[in-house]
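Okay, structure first, notes after.
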Amino acid sequence: MTSSLIDRFDISDTEVRSITADALSGSDDGELYLEYREGESLVFDNGRLKTGNFNTELGFGLRAVAGEATGYAHASELSASALRHAADAVSAVKMGHAGKLDVAPAGTNKKLYGDENPIAEPAFGEKALLLQTIDGWLREKDPRVRQVTAALTASWQHVEILRGDGQLVRDIRPLVRLNISVVVGDGDRQESGSHGIGGRKGFGEFLTEGSWQDAASEALRQALVNLEARPAPAGTFDVVLGNGWPGVMLHEAVGHGLEGDFNRKKTSAFSGLMGEQVAAKGVTVIDDGTIPERRGSLTVDDEGTPSGHNVLIEDGRLVGYMQDRQNARLMGMKPTGNGRRESYAHQPMPRMTNTFMAGGDKDPGEIIASVKKGIYAVSFGGGQVDITSGKFVFGCTEAYMIEDGKVTFPVKGAMLIGNGPEAMKRITMVGNDPALDTGIGMCGKGGQGVPVGVGQPHLRMDAMTVGGTQG
């Protein structure tokens, strides 16, 4: 059993609880957030081990909430002096405010992932050797391989959340990822492909020969497809999105707009639309942090609220937002287990966990066959989204032309351009093959990054704007 982080203070458990309770007395909400984290990363690039890092972090964040105002202080040491200084700082937010501490989150007996520290096994040297093996295997597999970058990252996070009323919640969170990128070339032309796998578990299944070879083969396949790709056309096309990772567009263009803070402040394109039709019939969007061992899953969020299966859009109708405790209280709603923070040095805010679209009733082959001329987008890279307007631009890292209902040749440089809410209404067919990504998602918001999952089935979207390099 892992010892309590409270025991690492140079004062007693009783004193820590007393200082916390005094600091939060008269506030509407708040907590003492304690964190210990170990992190490790290895990157093998261009035939050599480029980086090998290990780090630890230990600290706390103390938060007092009074209405819309928040007092927050943090320190990288667990000492009486640091805690008292933090208590003095956050108490200032309560001046002139007479609040009553909100009811504590409900408890949970669920455990969505194990306690094992993935950094411990295999040893650092074995991991480095594996990355070297991946490099050599890919170069031997195809002589067109010019560069291989293989990376292993892992973290083990122990968090404790102490409220002013004495409730203490603990969570142990493992996280691993293997990522492989390949550059292939033919004469003067070079193209790349990448693939990653991971989740909240040990390295076990990901480092078996079959597993890493599958990931490496997929990265190579994508690179070779791009090597044969022609310039993408520009114009208005019907678009078919693949299942799994293409859900990143849903995450960015729609998911952020359904977070509570943006809607409370009325800066989201979905503000004030609760109960209205915001997507085509048949479209159901869910955020679910309860899927065992998934990258975005959490037994409890960073405020101590158990994560949930939260339906956001049901059959095209807006039925829910993702909420932390503060925004839920101010909006007269319930917390949904989406209060997340990057570390003890950051305040929690509404964030996604695993966000995906539910499956429909169409066969993927039927969806593709229905398109006369269009784009089949299988994978996405970077993109930009404006939360207020809903406008987005996403680059495809693997895409094909569809002609007369058949996938013909690969294209490169395709950019999907549109507006999130409008795009949701352009969905005319939803596939029966929903899938989550392979465990690689990372989401940024307000300067904070947290691991997430995305997913969807195959989709047809009509009359979408495609930016390309061929007119």
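With hydrogens and angles disregarded, no donor-acceptor distance shorter than 3.5 Å links the side chain of Gln323 to the backbone of Pro350. For Thr438 (side chain) and Gly196 (main-chain N/O), a donor-acceptor pair under 3.5 Å exists by modelled atom type. Formation of a donor-acceptor pair under 3.5 Å by the Thr353 side chain with backbone atoms of Gly289 is found in this model. Of the possible polar contacts, none joining the Asp437 side chain to the Gly244 backbone as a donor-acceptor pair under 3.5 Å is found. Formation of a donor-acceptor pair under 3.5 Å by the Gln222 side chain with backbone atoms of Ser181 is not found in this model. Side chain of Gln326 to main chain of Gly67: a donor-acceptor pair is present (N/O by atom type, distance under 3.5 Å, no hydrogens or angles). Using modelled atom types, one side-chain atom of Asp301 and one backbone atom of Gly339 make a donor-acceptor pair closer than 3.5 Å. Judged by distance alone, the side chain of Asn243 and the main-chain N or O of Asp433 form a donor-acceptor pair under 3.5 Å. Side chain of Arg317 to backbone of Lys281: no donor-acceptor contact under 3.5 angstrom is found. Looking only at distances, no side-chain donor or acceptor of Thr355 sits under 3.5 Å from a matching main-chain atom of Gly255.
Counting only heavy atoms from C-beta outward, the side chains of Asn310 and Asn338 approach each other to under 4.5 Å. Side-chain atoms of Val16 and Leu162, non-hydrogen and from C-beta on, do get closer than 4.5 Å to each other. You'll find the side chain of Val239 reaches within 4.5 Å of the side chain of Leu416, heavy atoms only. Here the side chains of Lys373 and Ile402 are not in contact, with every heavy-atom distance at 4.5 Å or above. In this structure, the side chains of Arg295 and Leu175 come closer than 4.5 Å at one or more pairs of heavy atoms. Within the 4.5 Å cutoff, the side chain of Tyr321 has no heavy atoms near those of the Arg264 side chain. Using a 4.5 Å heavy-atom threshold, the side chains of Met249 and Leu241 count as touching. Within the 4.5 Å cutoff, the side chain of Arg351 has heavy atoms near those of the Lys445 side chain.
Remark: Glu398 does not engage Lys412 in a salt bridge, criterion side-chain N to carboxylate O under 4.0 Å. Salt-bridge annotation for Arg200 and Glu293: absent, with no side-chain N of the basic residue lying under 4.0 Å from a carboxylate O of the acidic one. Under 4.0 Å is where a charged nitrogen must lie from a carboxylate oxygen, and between Asp302 and Arg340 no such pair does. Using a cutoff of 4.0 Å between basic side-chain nitrogens and carboxylate oxygens, Lys372 and Asp238 are not scored as salt-bridged. Here Glu160 pairs with Arg170 in a salt bridge; the nearest charged N to carboxylate O distance falls below 4.0 Å. Salt-bridge formation is not detected for the pair Arg173/Glu116: no Lys NZ or Arg NE/NH1/NH2 atom is positioned less than 4.0 Å from an Asp or Glu carboxylate oxygen.
In the model, Asn53 has no side-chain atom that pairs as donor or acceptor with a side-chain atom of Glu40 under 3.5 Å. Checked by atom type, the side-chain pair Asp171/Tyr113 shows a donor-acceptor distance below 3.5 Å. For the residue pair Arg460/Ser370, the side-chain donor-acceptor check at 3.5 Å is satisfied. Using modelled atom types and a 3.5 Å distance limit, the side chains of Asp287 and Asn354 yield no donor-acceptor pair.
Taking every heavy atom of both residues into account, Val278 and Phe270 meet most closely at CB-CE2, 4.0 Å. Nearest heavy-atom pair across Arg329 and Val65 is NH2-CG1, 3.3 Å. Scanning both residues, Asp261 and Asn327, for their nearest heavy atoms gives CA-OD1, 3.4 Å. Listed here is the closest heavy atom pair of Ala23 and Leu62: CB-CD2, 4.1 Å. Contact between Ser192 and Asn226 at its shortest, heavy atoms only, is O-ND2, 3.0 Å. When every heavy atom of Pro421 is checked against every heavy atom of Asn419, the shortest pair comes out as CD-OD1, 2.9 Å.
Under a cutoff of 6.0 Å and an axis angle of 45°, Arg8 and Tyr36 form a cation-pi pair. Note that Arg63 lies outside the cation-pi zone of Tyr33, set by a 6.0 Å cut-off to the ring centre and a 45° limit from the axis.
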Would you tabulate the side-chain donor-acceptor contacts of residues 374-392 under 3.5 Å, counting partners in other chains and residues two or more places apart, or write 'none'?
unit_1: Tyr376; atom_1: OH; unit_2: His458; atom_2: NE2; d: 2.8
unit_1: Ser379; atom_1: OG; unit_2: Thr397; atom_2: OG1; d: 3.1
unit_1: Asp386; atom_1: OD1; unit_2: Thr388; atom_2: N; d: 2.9
unit_1: Asp386; atom_1: OD1; unit_2: Ser389; atom_2: N; d: 3.0
unit_1: Asp386; atom_1: OD1; unit_2: Ser389; atom_2: OG; d: 3.4
unit_1: Thr388; atom_1: OG1; unit_2: Thr267; atom_2: O; d: 3.0
unit_1: Ser389; atom_1: OG; unit_2: Lys391; atom_2: N; d: 3.2

Which pairs would a plain distance check flag for residues 74-81, meaning a side-chain donor or acceptor within less than 3.5 Å of a matching protein atom at least two apart in sequence or in another chain?
unit_1: Glu77; atom_1: OE2; unit_2: Ser79; atom_2: OG; d: 2.5
unit_1: Ser79; atom_1: OG; unit_2: Ala82; atom_2: N; d: 3.1

Take Met357 and Val283, measure what side chain to side chain contact (heavy atoms under 4.5 Å, CB included) needs, and give me the verdict at the end.
CA-CA 7 Å; Met357 187 182 297; Val283 172; 3.9 Å; yes
Verify side chain to side chain contact (heavy atoms under 4.5 Å, CB included) between Val407 and Ile368, making sure each step is shown before the conclusion.
CA-CA 8 Å; Val407 177; Ile368 293 171; 3.9 Å; yes
Step by step, work out the side chain to side chain contact (heavy atoms under 4.5 Å, CB included) result for Val454 and Trp245.
CA-CA 6 Å; Val454 302; Trp245 177 246; 3.6 Å; yes
Full working for side chain to side chain contact (heavy atoms under 4.5 Å, CB included) between Phe54 and Glu38
CA-CA 7 Å; Phe54 173 78; Glu38 294 182 6; 4.1 Å; yes
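To the nearest 0.5 Å, atoms CD (Glu31) and CZ (Arg325) are separated by 8.0 Å. Expressed to the nearest 0.5 Å, how far NZ of Lys425 lies from CD of Glu422 amounts to 8.0 Å.
The side chain to side chain donor-acceptor pair (under 3.5 Å) test applied to Glu15 returns Ser12, not counting sequence neighbours.
In summary, of the residues considered (Asp13, Thr20, Thr14), a side chain to side chain donor-acceptor pair (under 3.5 Å) with Arg17 occurs for Asp13 alone.
Note: His256 and Phe262 have perpendicular aromatic rings, judged against thresholds of 30 and 60 degrees for the angle between ring planes.
Counting non-hydrogen atoms of neighbouring residues, nucleotides and ligands closer than 6.0 angstrom, the CD atom of Gln167 exceeds 12 such neighbours. When the shell of 6.0 Å around NZ of Lys111 is examined, it contains more than 12 heavy atoms from other residues, nucleotides or ligands. Residue His85 places its NE2 atom among 12 or fewer non-hydrogen atoms of other residues, nucleotides or ligands, all under 6.0 Å distant.
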